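Worksheet: one structure, shown below.
Quick caveat, the model's predicted, so the values are computed rather than measured. We name chains A, B, ... by the order of the sequence lines, and we start the count at 1 in each one.
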Amino acid sequence: MATEQSNERYNAPVREKYWQKVWQDKKTFCTSNDDERPKYYVLEMFPYPSGRIHMGHVRNYAMGDVVARFKRAKGFNVLHPMGWDAFGMPAENAAMQRKVHPGEWTYQNIATMRSQLKMLGLSVDWDREFATCDVEYYHQQQKLFLDFLKKDLAYRRSSKVNWDPVDNTVLANEQVIDGKGWRSGADVEQRKLTQWFLRITHFADDLHASLDTLDRWPEKVRVMQKNWIGKSEGALVRFALDEQKCPDGFSQIEVFTTRPDTLFGASFCGLSPDHPLAIEIAKTNPELKNFIKECERAGTTQEEIDTAEKLGFNTGLTVTHPLDDNWQIPVYVANFILMDYGTGAIFGCPAHDQRDLDFARKYELGVTPVVVPSGEDIESFQIKEEAYTGPGKLANSRFLDGMTVKDAKKAIIDKLDETGSADRQTQYRLRDWGISRQRYWGCPIPIIHCKKCDAVPVPIDELPVKLPDDVSFDKPGNPLNHHPTWKNVKCPSCGAKARRETDTMDTFVDSSWYYARFCSPKADVPVEREAIDKWLPVDQYIGGVEHAILHLLYSRFFARAMRATDHLSISEPFAGLFTQGMVNHETYQDESGAWLAPVYVRIEGDGFDRKAVHDKTGEPVTIGSIEKMSKSKHNVVDPDDIITHYGADTARWFMLSDSPPERDVVWTDAGAEGAWRFIHRLSRLVDDGVELMADHDTPEPAKIGDKAVELRRHTHKALQAVGTDIEGLRFNRAVAQIYEFTKHITTALKNFKRDNQGEAFALREAFTFLIQMFGPMMPHLAEDCWARLQCNTLLIDSPWPTPIKALLIDETIKIAVQVNGKRRDELTILIAAANDDIEKAALELDNVKRSIGDKKVRKVIIVPKRIVNIVI
RNA sequence: GCGGGCGUGGUGGAACUGGUAGACACACAGGACUUAAAAUCCUGAGGCCUUUGUGCCGUGCGGGUUCGAGUCCCGCCGCCCGCACCA
């Protein structure tokens with residue numbers, strides 16, 4: 001780490017500040033909405049202002065910045081904004097722990113992180129910056145909410161929530177650990193609360209189907225979203241209840257099934273313990289009441305669900321088979337049926353569903369196979385421990401017998417349809433999005449509750465509903481709830497005493513449309529139509545894969561909902577998505593087992609002798625596994641330390657080198673040192689080059705010698721390769737290309753002469769292109785080197801050069817010559833050589849002759865420009 | 001259990017539609033410069049072999065297709081990620 005740089009010419013931290021000021025003074029990165037050039041919108045997921053930036057941010061924003069700077073050089077009008085995902089719980093926790101107002105805490109963090117990000121030298125248009133906790137932002141969000149409400153895309157209903165009785169708050173699922181609140185440790189209760197929902201299920205089918213159009217998204221993310229939406233096509237089948245025996249108001253059970261073809265294999269019907277009929281029966285049946293209670297008590301942890309036994313309770317009721325009046329089917333309440341999915345009721349066909357089979361075996365219900373796989377026959381086919389879920393021909397199923405599963409599905413639904421006992425239906429796993437949070441630091445839901453008028457929207461001209469500043473976090477629960485003057489208002493509709501909605505919105509709402517707001521960040525409407533039509537969709541979105549489902553799905557929903565409310569005209573907000581890997585680091589523990597930060601650790605030796613000791617005390621330190629940088633394991637490297645010591649370009653370059661961007665990268669001191677050394681090598685190389693290269697604007701000489709032409713070939717090939725690699729976000733390969741090209745220049749520099757016009761010209765070209773190639777990755781160094789070329793422009797204003805095609809193609813090529821598939825020699829030959837000539841030349845090679853010996857050549861395979869294979 | 005991905009030197013990783021495996025970097029070793037060190041520059045390097053060669057082996061393992069397989073197919077093994085009683 002402590003490398004002397006006093007005798008180095010390039011002082012990165014100083015030069016970086018200098019160039020950042022140059023760009024800032026020229027307002028270089030301010031993007032105009034009235035620019036005629038083709039647009040390119042590059043966006044990285046905006047950060048949560050937690051306090052300080054971490055290496056994950058550096059990696060994320062470095063990648064985005066490479067794309068932004070590259071596209072700018074390619075002549076695009078680039079939009080590259082930055083903002084803050086600024087609402088959320090940590091601010092309230094800070095308020096409770098440190099008695100600091102959430103707003104103050106948040107804006108201070110933003111100030112710190114903004115200055116840290118600025119040190120990275122990102123080509124960001126800071127004029128468009130906003131935080132989601134800015135009143136101006138959530139004001140517009142409240143308008144969107146009211147628009148959604150009008151279109152029935154927002155609504156209110158009662159739903160179960162995880163309630164922490166100590167903190168008086170609702171907990172997200174991930175905040176419930178082993179059934180206890182993550183903060184209070186109290187047993188979490190399931191409570192019914194009236195909550196606001198966004199009707200994401202309205203777009204379920206489109207959200208599902210449109211995934212196929214997102215060809216610039218990672219397959220992985222699309223698959224995850226598909227699973228999350230969970231589309232399944234089937235039928236809603238109605239089973240008539242024996243009305244004599246069942247409670248008033250119930251006459252049938254509706255079940256959803258994806259296997260209506262197995263209806264003749266049904267041996268029971270099952271109800272969820274939460275099913276209204278089950279609850280109704282339980283009122284007069286204490287045994288069932290007990291059973292339902294037991295189901296509720298059953299754990300929710302993974303292990304418990306995995307090992308839970310299928311349990312049921314026979315209600316004594318029966319239903320009639322929809323296609324046979326004489327067929328009575330028993331009705332059970334069963335613990336494995338979810339009220340949340342389908343209708344909360346099923347029919348059980350044990351032969352072809354594992355869960356039903358487990359259940360049937362336990363309660364000794366009939367198991368009739370109705371689908372027989374090919375190769376088996378009806379007489380002998382038996383279901384033992386495993387249900388058969390594969391394809392086959394129907395059997396034991398009356399008019400369906402002999403049909404395939406697919407045909408049978410259609411036939412039976414048609415039949416059921418005739419008698420009115422079934423409908424085709426598509427079910428989704430996706431639930432509507434509950435956005436109510438019983439917290440202070442979020443966007444207030446602009447609603448006033450009146451006893452007479454119910455939930456009344458706050459009139460548009462009374463928006464925004466601002467968060468009150470004078471709140472206290474001394475009492476548990478939501479401060480908005482015990483703020484009398486804020487909470488108690490008059491009903492906008494009848495003027496009677498009323499109270500504000502004290503819930504605020506899930507912070508995922510804030511991040512579901514920020515990409516749109518950046519197009520017109522100051523507008524007094526959520527989005528300006530003209531701006532948004534120009535900029536959206538985002539051409540390249542970059543962020544962590546941890547947002548693969550929720551954030552991206554919610555954003556896709558918002559685009560659709562905003563289209564439905566006439567705010568915009570597209571439905572897919574992100575045309576290209578890239579999910580980058582994490583930044584990892586070794587972990588260290590001292591003798592007491594406490595985690596140690598890397599700054600306190602000194603590494604000695606290498607390989608098997610590699611040891612770590614405490615930098616101060618010299619005590620031995622255990623080197624642990626490589627893990628994601630996290631506060632809990634203390635294995636974090638602070639970008640600030642790196643930037644102040646090595647400069648931003650080192651951090652950026654290292655984050656882009658080596659590891660493919662979608663994979664995890666390990667931060668090592670050695671790697672950072674390597675990047676730093678390369679920066680200085682480049683700097684020296686440019687200084688040496690300036691001595692030999694032609695002056696700025698020297699025209700191409702008429703004759704250029706072989707050596708110079710060779711360098712030019714390398715130059716143009718590298719340019720081409722780096723361009724395509726950046727375009728394809730293969731930054732690690734672009735980096736490797738630059739290293740390789742640097743070697744070529746180094747060699748040329750040793751052999752070239754200033755008074756050779758061709759060589760001087762080729763050198764100038766090589767350096768010019770080299771600087772442009774690494775410019776997007778190390779913009780400060782590049783700008784500095786560019787200035788040394790004395791061409792009186794800024795690199796940032798220089799267009800990406802176009803490679804000359806003729807220089808991309810070699811005249812001769814080296815190809816391998818194999819004998820029986822084993823490489824024996826190689827052949828340098830004109831690229832345009834005829835196959836006959838290649839064969840002749842190959843057969844004349846000494847090594848080839850020797851390998852052939854006196855054997856007969858049976859066949860010669862020639863793939864032009866690739867290989868010769870001689871078969872003997 | 002289901003779905004997706006991956007497995008290449010000491011390490012991170014290259015290798016386009018099957019066509020010279022190991023680019024590039026890190027670490028390492030040797031050399032140059034230096035009184036010395038650091039820095040820098042140059043060179044070397046997949047493994048095996050008391051046959052150092054015009055040799056053999058080699059991309060998790062075992063088969064297959066092919067003139068030719070890291071790449072395609074079949075079967076295993078291992079690792080990572082996501083989902084999970086979804087009817």
Side-chain angles (χ1 to χ4, degrees), chain A residues 3-5 7-8 218-228 230-232 234 255-259 262 270 272 302 305-306 308 310 334-338 340-349 352-356 358-359 427-430 545-546 548-549 606-608 610 654 657-660 662-666 668-675 677-678 680-681 684 724 730 732-743 746 750 814-827 846-851 858-863 865-872:
Chain A
T3 316
E4 280 305 317
Q5 49 179 282
N7 54 355
E8 295 291 340
E219 176 67 18
K220 180 172 138 180
V221 174
R222 287 189 286 169
V223 168
M224 281 162 75
Q225 293 220 352
K226 273 207 170 156
N227 292 341
W228 187 262
K231 179 178 180 171
S232 48
V255 309
F256 175 71
T257 179
T258 55
R259 294 297 302 273
T262 64
S272 161
Q302 215 61 326
I305 290 170
D306 281 350
K310 305 269 177 291
N335 65 345
F336 65 95
I337 300 164
L338 307 171
D340 273 351
Y341 189 77
T343 60
I346 61 154
F347 80 78
C349 175
H352 305 291
D353 183 291
Q354 192 59 44
R355 293 156 302 180
D356 296 349
D358 294 345
F359 190 80
Q427 276 290 335
Y428 299 91
R429 204 189 78 105
L430 184 68
V545 75
E546 64 272 21
I549 298 177
D606 56 71
F608 290 116
R610 195 161 173 276
F654 179 45
S657 311
D658 288 348
S659 287
E662 68 280 8
R663 255 187 257 179
D664 289 356
V665 63
V666 182
T668 60
D669 285 352
E673 292 269 1
R677 280 199 302 268
F678 183 59
H680 290 278
R681 191 153 92 231
R684 283 192 306 271
T724 33
R730 293 178 295 266
N732 58 320
R733 294 214 320 205
V735 164
Q737 301 284 0
I738 290 168
Y739 272 116
E740 205 172 356
F741 179 46
T742 305
K743 279 188 176 177
T746 308
K750 278 188 223 148
K814 257 195 222 168
I815 59 173
V817 180
Q818 300 179 331
V819 176
N820 277 358
K822 282 192 179 169
R823 181 182 171 279
R824 293 297 172 192
D825 209 333
E826 60 184 24
L827 183 66
D846 285 348
N847 287 344
V848 172
K849 279 190 195 157
R850 208 172 292 122
S851 299
R858 294 199 307 182
K859 202 173 172 191
V860 178
I861 288 151
I862 295 167
V863 182
K865 290 190 235 176
R866 292 209 192 277
I867 208 156
V868 178
N869 191 11
I870 297 160
V871 188
I872 55 173

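Between A:P660 and A:V871, the one whose closest nucleotide on RNA chain B sits nearer the 5' end is A:P660. Nearest-nucleotide assignment on RNA chain B puts the 5′-proximal partner with A:G674, out of A:I870 and A:G674.
Rounded to whole Å, the separation between the P atoms of B:G53 and B:G63 comes to 33 Å. Of the C1' atoms belonging to B:G19 and B:G9, the separation is 23 Å, rounded to the nearest Å. Comparing the same atom, C1', in B:C81 and in B:U71 gives a spacing of 24 Å after rounding to whole Å. Across the P atoms, B:A39 and B:C28 are found 10 Å apart, a figure rounded to whole Å. When the C1' atom is used for both B:U11 and B:A27, the distance is 7 Å, rounded to whole Å. For the P atoms, the distance from B:G13 to B:C26 is 16 Å, rounded to whole Å. Remark: the separation of the P atoms in B:C24 and B:A36 is 32 Å, to the nearest Å. With both ends at atom C1', the span from B:C41 to B:C77 equals 47 Å, rounded to whole Å.
The minimum heavy-atom distance linking A:T746 with A:T742 is given by the pair OG1-O, 2.7 Å. The shortest heavy-atom contact between A:K865 and A:I815 is C-CG2, 3.7 Å. What you find for A:R824 and A:S851 is that their closest heavy atoms are CD-OG, 3.2 Å.
In this structure B:G82 sits in the anti conformation; its chi angle is more than 90° from 0.
Going from atom CD1 of A:I337 over to atom P of B:A87 covers 13 Å, rounded to whole Å. When the C1' atom of B:C67 is taken as reference, atom CD1 of A:I862 falls 12 Å away, rounded to whole Å. Atom CZ in A:F336 sits about 19 Å away from atom P in B:A84, given to the nearest Å. Rounded to whole angstrom, the span from the CZ atom of A:R259 across to the P atom of B:A87 amounts to 11 Å. Remark: P of B:G53 and NZ of A:K822 are 19 Å apart, rounded to the nearest angstrom. Note: CD (A:E662) to P (B:G82) measures 17 Å, nearest angstrom. Rounded to whole Å, the distance from CD on A:E673 to P on B:U40 is 9 Å. In this structure, A:Q225 atom CD and B:C81 atom C1' are separated by 16 Å, rounded to whole Å.
When the side-chain nitrogen and oxygen atoms of A:T668 are compared with OP1 and OP2 of B:U11, none of them lie within a distance under 4.0 Å. Considering only side-chain N and O atoms, A:R677 lies under 4.0 angstrom from the phosphate OP1 or OP2 of B:C26. Of the side-chain N and O atoms in A:N820, none sit less than 4.0 angstrom from OP1 or OP2 of B:G68. Taking 4.0 angstrom as the limit, A:Y739 places none of its side-chain polar atoms (N or O) nearer than this to OP1 or OP2 of B:A25. Between A:K743 and the phosphate of B:A25, there is a side-chain N or O to OP1/OP2 separation shorter than 4.0 Å.
For A:F741, there are no ring-ring contact (aromatic ring centres under 6.0 Å, His included) partners, not counting sequence neighbours. Every residue meeting the side-chain contact (heavy atoms from CB on, under 4.5 Å) condition with A:Q354, not counting sequence neighbours, appears here in chain and number order: A:L357, A:D358, A:E386, A:A387. Under the side-chain contact (heavy atoms from CB on, under 4.5 Å) criterion, A:R866 pairs with A:V863, sequence neighbours left out. Scored by the salt bridge (charged side-chain N to carboxylate O under 4.0 Å, His left out) test, A:K231 finds A:D205 as partners (sequence neighbours excluded). Residues meeting the side chain to side chain donor-acceptor pair (under 3.5 Å) test with A:R222, sequence neighbours left out: A:E219. Judged as a ring-ring contact (aromatic ring centres under 6.0 Å, His included), and not counting sequence neighbours, the contacts of A:F336 are A:F359. Partners of A:D825 under the side chain to side chain donor-acceptor pair (under 3.5 Å) rule, at least two apart in sequence or in another chain, are A:N847. By the side-chain contact (heavy atoms from CB on, under 4.5 Å) test, A:K859 pairs with A:V871, sequence neighbours left out.
Closest to the side chain of A:E740, out of B:C24, B:C26, B:A84, is B:C24. Listed candidates were B:A27, B:G13, B:C67. Nearest to the side chain of A:K859 is B:C67. For A:R429, the listed nucleotide lying nearest its side chain is B:C83; candidates were B:C83, B:C41, B:C56. Between B:C56, B:G82, B:A14, one nucleotide has an atom nearer to the side chain of A:I549 than all others, and that is B:G82. Closest to the side chain of A:A670, out of B:C85, B:A27, B:A25, is B:A27.
Within the nucleic acid shown, A:D340 has no heavy atom closer than 4.0 Å to any nucleic acid atom. As judged by a 4.0 angstrom heavy-atom cut-off over every strand, A:S851 is placed among residues making no nucleic acid contact. Residue A:D353 is classed as having no contact, given no heavy-atom separation below 4.0 Å to the nucleic acid. A:S657 comes within 4.0 angstrom of no nucleic acid atom, judged by non-hydrogen atoms across all strands.
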Under-3.5 Å N/O pairs linking protein and nucleotides 19-22 of chain B:
{"residue": "B:G19", "atom": "N2", "partner": "A:Q818", "partner atom": "OE1", "Å": "3.4"}
{"residue": "B:U20", "atom": "O2", "partner": "A:R823", "partner atom": "NE", "Å": "2.8"}
{"residue": "B:U20", "atom": "O2", "partner": "A:R823", "partner atom": "NH2", "Å": "3.2"}
{"residue": "B:U20", "atom": "O2", "partner": "A:E826", "partner atom": "OE1", "Å": "3.3"}
{"residue": "B:U20", "atom": "N3", "partner": "A:E826", "partner atom": "OE1", "Å": "3.2"}
{"residue": "B:U20", "atom": "O4", "partner": "A:K814", "partner atom": "O", "Å": "3.1"}

Enumerate all atom pairs, one protein N or O and one N or O from nucleotides 3-9 of chain B, separated by less than 3.5 Å.
none

Tabulated below should be each protein N or O lying under 3.5 Å from an N or O of nucleotides 30-34 of chain B; please produce it.
none

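Residues A:D356 and A:F347 have side chains not in contact (no heavy-atom distance under 4.5 Å, counting atoms from C-beta outward). Looking only at side-chain heavy atoms (C-beta outward), A:D658 and A:V665 stay at 4.5 Å or farther from each other. Taking the side chain as every heavy atom from C-beta outward, A:E740 and A:Q737 approach each other to under 4.5 Å. Contact check for A:F256 versus A:S232: side-chain heavy atoms found under the 4.5 Å cut-off.
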### Task
Give RNA chain B the dot-bracket treatment, 5' to 3': Watson-Crick (N1-N3 with N6-O4 or O6-N4) or G-U (N1-O2, O6-N3) under 3.5 Å, [ ] crossing, | other strand.
(((((((..(((......[....))).(((((.......))))).((((...).)))..(((((..]....))))))))))))....
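Between the side chain of A:D353 and the backbone N or O of A:G348 there is no donor-acceptor pair closer than 3.5 Å. Between the A:S272 side chain and the A:L338 main chain, no donor and acceptor come within less than 3.5 Å of each other.
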